[in-house]
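This report concerns only the one structure given below.
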Amino acid sequence: LQAIDPDVLLAHNLHRFHIELLLQRISATGVKHWSRIGRLRKTKMPTSHPVDRGAACGRLLCDTWVSAKELVHEKTYTLTELARTRLSITRQEIDPRQTPAKMRTSLGLLEMIDNACKDSWITFELMFTLAILPLTRQLTELCGNLWIRSLQSRRAERNEYLLLHEFHKKKFIVPEPYTKREKMRLKGSTESSSSSRKKAQYSGGLVLEPKKGFYEKLVLLLDYASLYPSLIQEYNICFTTVKHWELGEDEIPPEPNRNTESVLPSVIGHLLKRRRAVKSLLKDERNPDLRTSLDIRQKALKLVANSMYGCLGFENSRFYCKPMAALITALGRKSLTTAKEKAEMTLYDPPVEVIYGDTDSIMVHTGIDDLAKARKIGHEIRKIVNKPFRFMELELDAIYKDMLLLRKKKYATNVVIERDGKVILEREVKGLDLVRRDWCTLSKDAGNVLLDALLSGQPREEAVAKIHDYLTDLKKKLTANEIATGKFIITKGLTKDPKAYTDAKTQPHVQVALQMLKEGLFVRSGEHIPYIIVINRSGGTEASSDTSLAARAVHVSKVLRQSEKTTPKEKFLHIDIEWYITHQILPPVARLCEPIAETSPGQLAECLGLDPSKFHRTVAATASEDIDEANIELDRKDPERFSDYPREDRLPLRCRHCQLRGENDENETRKWKDIFNLEVDGAYMVRCHNQNCRCGNIDLVGDNDDIARIMNSIRVHFRPYLQRFYRRELQCDDPMCHTRTRAHWSTKCPTLGCQGNLVPMYSSSALYQQLSYYKSLFNLDEAEKRLNLERTKREEAYQIRLKSDSKAMKGIDLPLNPRDGLPKGSEKRFELLYNFVDDLMHTSGHHFVNLSNLFAFSQ
DNA sequence: ACCGGGAGCGC
DNA sequence: AGGCGCTCCCGGT
């Protein structure tokens, strides 16, 4: 160090590991002049917090772990992972427990040295790839703080310096920071739980209730550009204008006077203006080096502007001001609400619908497929919303195609991207289980397969079939032990040191961490613990205390290491396949399929080889309701129940003769009448009613061609009913509540404060009724019953009329049997058609009542 | 059935 | 060593 005298010390995890390690080794081995790791001669080596005590003062300390956490979004920030994702390098890891053994052989030692060199190089590349030094330098120049502090990612401090400089320049007196004692006193009075996250001190962003479902038409994403910074400008929010000093606890201050521009808005405005300028320079710049540097500059400006709000709500900040933070979020909520309302006030055909929104964005379902039209709608909404604002700007950020909206902050979609006139779709997944590290790869793989199927644009039935096949196959592979151990790894982070947990025994990752400590490994807060759940291995004689989940968690390395061994006796750790299916695969898979009407949790469970009846509970309310409804219909054996069946739901069959000969008038009577038009023409079955028709009013099902034609007509006629049912739209049964939403399994009304239940707008019993209607058209026995009934009625009417009117016509000239007058073989053809509808009913059976025994399809 | 701790997302 | 909002799992009561 003395010879090289570097300006920068670099390492991955420098602050929490390397500096301390260096000093520890220096003191252990008695190396002289320890303070040469810095540039100031010091005598006493600090025992703790060497960086804060200035042990390395005079040099910049660049910690790629710290910087990566601020600059890029990753699932985990180990050097191995960053090398993989950022540099596409596979880094070799060495188990620290192997170190002593390696150090004993020269070959092992060389390997260790080689490894250390490679790690240094990776860290170097990472620093350059992330542009850590130029970016932090920009931040430092902007805010006027120390560079080394920017490298430590202290946003609050950066912010503090920026404001200090600004207020000082304008001759303001700045607030003194609290002293240690004052902080202690404040904390003591308000009490605080040292452990987990604090309760929120004020309300934040508004999240609109999502209209859950699957959207096949285009969806617009409109969002406010830099919402909080532009709110500060728009409403002139400043320490000098918001009357935070005359407020009670939890009061939201009134909107400040907007006619002047105060300090904070001008600082923000300055930052945003400079960013716009840099961005426009970037647009025309061709030199790649300059482009990189300009891009870094615009990023830094954005970072500073965006972090202002967060620091206002930060209790330890010098410029902490809760009322201002609360006012900003309140205005943000208002802005989002007005954007939603204005979007919904537009008059488009079909009407657009705001299906979701979070803090600064609204998602608008256009109901159309035309990209250009959708974009136009987006820009029109944008214009309406932006009209009253001076600074705030709603932008059309993206257009989505095929969107699965599951819950607040959880959705998946394809983003429509136009590149060189071509349209490309790019997957975007937010918040779903499959983007979280605490689900095993197996579970995430399944999730991705499901999304591939659902968002591929193929028909829903096909997608669902693929999903069922995949799950069935997955189950097969799992039972056959064909899945790699690595797929079962679950990773969870420690937020505390393992020994600090009060409920350690209930948490798998804490249990594993404690086990690691026992084995002499370093484990501390912030570490990610990879583990696998194995089968309870208590032999029976021992007390079975290790049946709890936490006790069945084992560190990955143990499972992997044992699989290398050959002796079967030593393979005592068995992955708990059953647990993975029921806890890691089924729940996320079922959640993804919630809006998909073509399947159900029971069916998904069945594919995975589970007892579907056990998963009825999750859907109990909806399913049982449907079963009851359908049963009521079944119990009603009223032969006349379709006599007043709505005209629009009836099957419109036409006589092929009239049609072909052009003998049809506009008159509806030329249509084939179905049997239920009793009042018109008696209870005959399907005859042409055109008196002049060449068919001679013979029966509709004259030959085999007719059968094929009718079957097709039924298919075509039935499709929209099935589709309506598939959409599974629900509405609240509370007459005061007009909530409508798409299907999900909960029957509670999603509207806040409403206690109503959701009922299907098109229920399974309605669908069932439709099928029953088709069936009745071809049921000769039922027709006979109806004829008999009708005859009795007419006879009675005749008797009554006879008493009062001697000239009454008899009018009971009905055939005795519906089979009368039918051409030869018709009866058989009716049977064929009847069976056809019956089949249709059975194949749709499972859609009606999730796996109930109503249709006994389990065979 | 309800509650709180813990984790990890979204914005 | 910025903020709050929102699931989701688990165990305890």
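Chain identifiers are assigned alphabetically (A, B, ...) following the order of the sequence lines, protein sequences preceding nucleic acid strands; residue numbering begins at 1 within each chain.
Taking Glu70(A) as the reference, Arg155(A), Arg158(A) meet the salt bridge (charged side-chain N to carboxylate O under 4.0 Å, His left out) condition, with sequence neighbours excluded. Phe314(A) meets the side chain to side chain contact (heavy atoms under 4.5 Å, CB included) test with Ala156(A), Asn316(A), Ser317(A); sequence neighbours excluded. In this structure Lys75(A) satisfies the salt bridge (charged side-chain N to carboxylate O under 4.0 Å, His left out) test with no other residue, sequence neighbours excluded. Applying the salt bridge (charged side-chain N to carboxylate O under 4.0 Å, His left out) test to Glu255(A) and every residue at least two apart in sequence or in another chain returns Lys334(A). Residues passing the side chain to side chain contact (heavy atoms under 4.5 Å, CB included) test with Asp250(A) are Lys322(A), sequence neighbours excluded.
Atom CG in Leu221(A) sits roughly 13 Å away from atom C1' in dG10(B) (whole-Å rounding). One atom, NZ of Lys75(A), and another, C1' of dG10(B), lie 16 Å apart when rounded to the nearest Å. With rounding to whole Å, Glu428(A) atom CD is found 11 Å from dG10(B) atom C1'. For the pair Ile529(A) CD1 and dA7(B) P, the interatomic distance rounds to 11 Å; values are reported in whole Å. Here dG8(B) presents its C1' atom at 14 Å from NZ of Lys69(A), a figure rounded to the nearest Å. In this structure, the CZ atom of Arg437(A) is 12 Å from the P atom of dG10(B), given to the nearest Å. A straight line from CD1 of Ile490(A) to P of dC10(C) spans 9 Å, rounded to a whole angstrom. Distance NE2 (His509(A)) to C1' (dC10(C)): 12 Å, rounded to an integer number of Å.
Note on Gln507(A): only backbone sugar-phosphate atoms sit closer than 4.0 angstrom, heavy atoms only; bases stay farther off. At a threshold of 4.0 angstrom between heavy atoms, the contacts of Ala156(A) are confined to the sugar-phosphate backbone, with no base atom among them. Base engagement by Asp52(A) is indicated by at least one non-hydrogen atom pair under 4.0 Å involving a base atom. Counting non-hydrogen atoms under 4.0 angstrom, Tyr411(A) reaches the backbone sugars and phosphates but no base.
Nearest nucleotide to the side chain of Arg154(A), out of dA7(B), dC9(B), dA1(C): dA1(C).
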**Message:** For Ile399(A) and Leu221(A): C-alpha separation, side-chain torsions, deciding distance, then whether side-chain contact (heavy atoms from CB on, under 4.5 Å) applies.
**Reply:** CA-CA 6 Å; Ile399(A) 298 180; Leu221(A) 173 66; over 6 Å; no

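For Lys496(A) and dG6(B), the shortest distance from a side-chain N or O to OP1 or OP2 is below 4.0 Å.
Thr491(A) and His528(A) form no side-chain donor-acceptor contact under 3.5 Å, judged by distance and modelled atom types alone.
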**Asked** Nucleotide by nucleotide, 5' to 3', does protein get under 4.0 Å of the base (B), only the sugar-phosphate (S), or neither (-) in nucleotides 3-9 of chain C, counting heavy atoms?
**Response** SBBBSSS

